[in-house]
Amino acid sequence: MKFLAVIMMFALGVSTLCGAAYFRSDANGNDKSGKVIIKALPGELNAGVFTWVKEEDRDATITFSAKNRVTSEAWSTFQYGFTAENTGKVTVSFGAQWTKDPEKREWVYIDSIKLNGELIPNGDFAKTYKKGEKWLLEVFWIHPKAEIVEGAGLEGSKAIRVNHDARISQVFDVEAGKTYTFTVTVKAAPAPEAPAGK
């Protein structure tokens, strides 16, 4: 009986893990037009600098990551942000956390993105267009493997399926001394189906 209980607990843990993921968002003030130094606001997400860029560029970067996994059963909303020390442009990307094995990098659905309480441009992902065989988002840059999924949103609207590698991002104009707070609604998503023959 004890052995059976251990097996059941293990199976439950694996099931929970497969239906869960860590949300992540990165802010980068290193732009060809100039550098914007940014400071993370206190909040519910872990915050650190980009350790993979030159040390002199790190004060213009923040990587935000959720402390706990989101599940596929319910939507979670995260608030996080930064203060800009000077005026310029900051690129913010939205995805999920890194793991060493690319095949194990988890996926999330994003329902909407707000900035200072208001939807960012196309923050509900309603405006799309087709280029070749790929649907794209207006205003956003979207990775080729990120997907616009009809009906996957909070109220049956569109959602975006992203992970660490397959992200969406948008460039924001910021002003010195101002605070920028993002509100993002997410839940865990299944991995996309592999194309036939792969």
Classify the angle between the aromatic ring planes of F50 and W52 as parallel (below 30°), tilted (30 to 60°) or perpendicular (above 60°).
-> parallel

Grab the two heavy atoms, one from Y109 and one from P190, that are nearest each other, plus how far apart they are.
-> OH-CD, 3.9 Å

Quick one: pull up CG in N46 and OH in Y22 and give me the separation to the nearest 0.5 Å.
-> 9.5 Å

Value for CG (N30) from CG (D57), rounded to nearest 0.5 Å, stands at 4.0 Å

Would you give the length of the straight line joining atom NZ of K178 to atom CD of E175, rounded to the nearest 0.5 angstrom?
-> 3.5 Å

Would you say the side-chain atoms of N86 pair up with the backbone N or O of A176, donor to acceptor, closer than 3.5 Å?
-> no

Cluster check F125, L136: I/L/V/M/F/W/Y, side chain < 4.5 angstrom | yes

Should the heavy atoms of other residues, nucleotides or ligands under 6.0 Å from CD of E56 be counted, would the total exceed 12?
-> yes

Report, as yes or no, whether the 6.0 Å neighbourhood of atom NZ on K134 holds more than 12 heavy atoms from other residues, nucleotides or ligands.
-> yes

Do I38 and V90 have side chains that get closer than 4.5 Å, going by heavy atoms?
-> yes

Are any side-chain N or O atoms of N122 and backbone N or O atoms of E138, one a donor and one an acceptor, separated by less than 3.5 Å?
-> yes

D26 vs V92, side-chain contact (heavy atoms from CB on, under 4.5 Å): CA-CA, chis, key distance, verdict = CA-CA 6 Å; D26 291 347; V92 181; over 6 Å; no

With a 4.5 Å limit on heavy-atom distance, are the side chains of V139 and Q170 in contact?
-> yes

Do the non-hydrogen side-chain atoms of L137 and I160 ever get within less than 4.5 Å of each other?
-> yes

Looking only at atom types and distance, does a side-chain atom of E85 sit under 3.5 Å from a main-chain N or O of G177, one as donor and one as acceptor?
-> no

Starting at CD of E44, measure out to OG of S76 and round the result to the nearest 0.5 Å.
-> 9.0 Å

Using side-chain contact (heavy atoms from CB on, under 4.5 Å) as the criterion, list what pairs up with D101, not counting sequence neighbours.
-> E103, K104

Using atom types as modelled and distance alone, determine if a side-chain donor or acceptor of D31 lies under 3.5 Å from a backbone N or O of K89.
-> no

State, with a plain yes or no, whether a side-chain heavy atom of T63 is found less than 4.5 Å away from one of V49.
-> no

In terms of hydrophobic clusters joined by side-chain contacts under 4.5 Å, are I148 and I110 together?
-> yes

L41-V36 co-clustered via ILVMFWY side chain contacts under 4.5 Å = no

Give a yes or no on whether V184 and L45 share a hydrophobic cluster (residues Ile, Leu, Val, Met, Phe, Trp, Tyr; joining criterion: side-chain heavy atoms under 4.5 Å apart).
-> yes

Evaluate the side-chain contact (heavy atoms from CB on, under 4.5 Å) criterion for residues V70 and F78: first the C-alpha distance (whole Å), next the side-chain angles of each, then the deciding distance (0.1 Å), finally the verdict.
-> CA-CA 10 Å; V70 296; F78 295 106; 3.5 Å; yes

Carefully, step by step, assess K158 and D124 under the rule side-chain contact (heavy atoms from CB on, under 4.5 Å).
-> CA-CA 7 Å; K158 294 183 180 75; D124 57 359; over 6 Å; no

Would you say the side-chain atoms of E147 pair up with the backbone N or O of A159, donor to acceptor, closer than 3.5 Å?
-> no

Could you tell me whether D165 and R105 make a salt bridge, using a distance below 4.0 angstrom between a side-chain N and a carboxylate O?
-> yes

Heavy atoms from other residues, nucleotides or ligands near NZ of K54 exceed 12 (cutoff 6.0 Å) | no

Heavy atoms only: give me the nearest A20-R69 pair and the separation to one decimal.
-> CB-CD, 3.5 Å

Describe, in one word, how the ring planes of F94 and F182 are oriented to each other, choosing from parallel (under 30°), tilted (30 to 60°) and perpendicular (over 60°).
-> perpendicular

Between CD on residue E155 and OG on residue S112, distance to nearest 0.5 Å = 9.5 Å

I would like to know whether I62 and Y80 meet side-chain contact (heavy atoms from CB on, under 4.5 Å); could you show each step before the answer?
-> CA-CA 11 Å; I62 308 171; Y80 60 97; over 6 Å; no

Hydrophobic cluster identity match, W135 and V149, side-chain contacts under 4.5 Å | no

Flag for N28-T91: side-chain donor and acceptor within less than 3.5 Å = no

Hey, are the side chains of I113 and F140 touching, using non-hydrogen atoms and a 4.5 Å cut-off?
-> yes

4.5 Å side-chain heavy-atom contact, V174 and F82 = yes

With sequence neighbours excluded, what pairs up with S72 under the side-chain contact (heavy atoms from CB on, under 4.5 Å) test?
-> A188

So, do Y180 and F172 have ring centers that fall under 6.0 Å from each other?
-> no

Output yes when a side-chain donor or acceptor of S25 lies under 3.5 Å from a complementary backbone atom of S93, and no otherwise.
-> yes

Looking at W107 and P192, what are the two nearest heavy atoms and their distance?
-> CE2-CD, 3.4 Å

Rounded to the nearest 0.5 Å, how far apart are CZ of R161 and CD1 of I168?
-> 13.5 Å

Identify the two heavy atoms, one from G43 and one from K67, that lie closest to each other, and give their separation to 0.1 Å.
-> O-NZ, 4.2 Å

Distance-only, no hydrogens or angles: does the D111 side chain make a donor-acceptor pair with backbone N or O of V186 under 3.5 Å?
-> no

With a 4.0 Å cut-off, would you call E73 and K187 a salt bridge?
-> no

Determine, for D59 against K39, whether the closest basic-nitrogen to carboxylate-oxygen distance falls under 4.0 angstrom.
-> no

Is there a donor in the side chain of T183 and an acceptor in the side chain of Q79, or the other way round, less than 3.5 Å apart?
-> yes

Enclosure of K114 NZ (heavy-atom neighbours >12, cutoff 6.0 Å) | no

R24 side chain vs F64 backbone, donor-acceptor pair below 3.5 Å | no

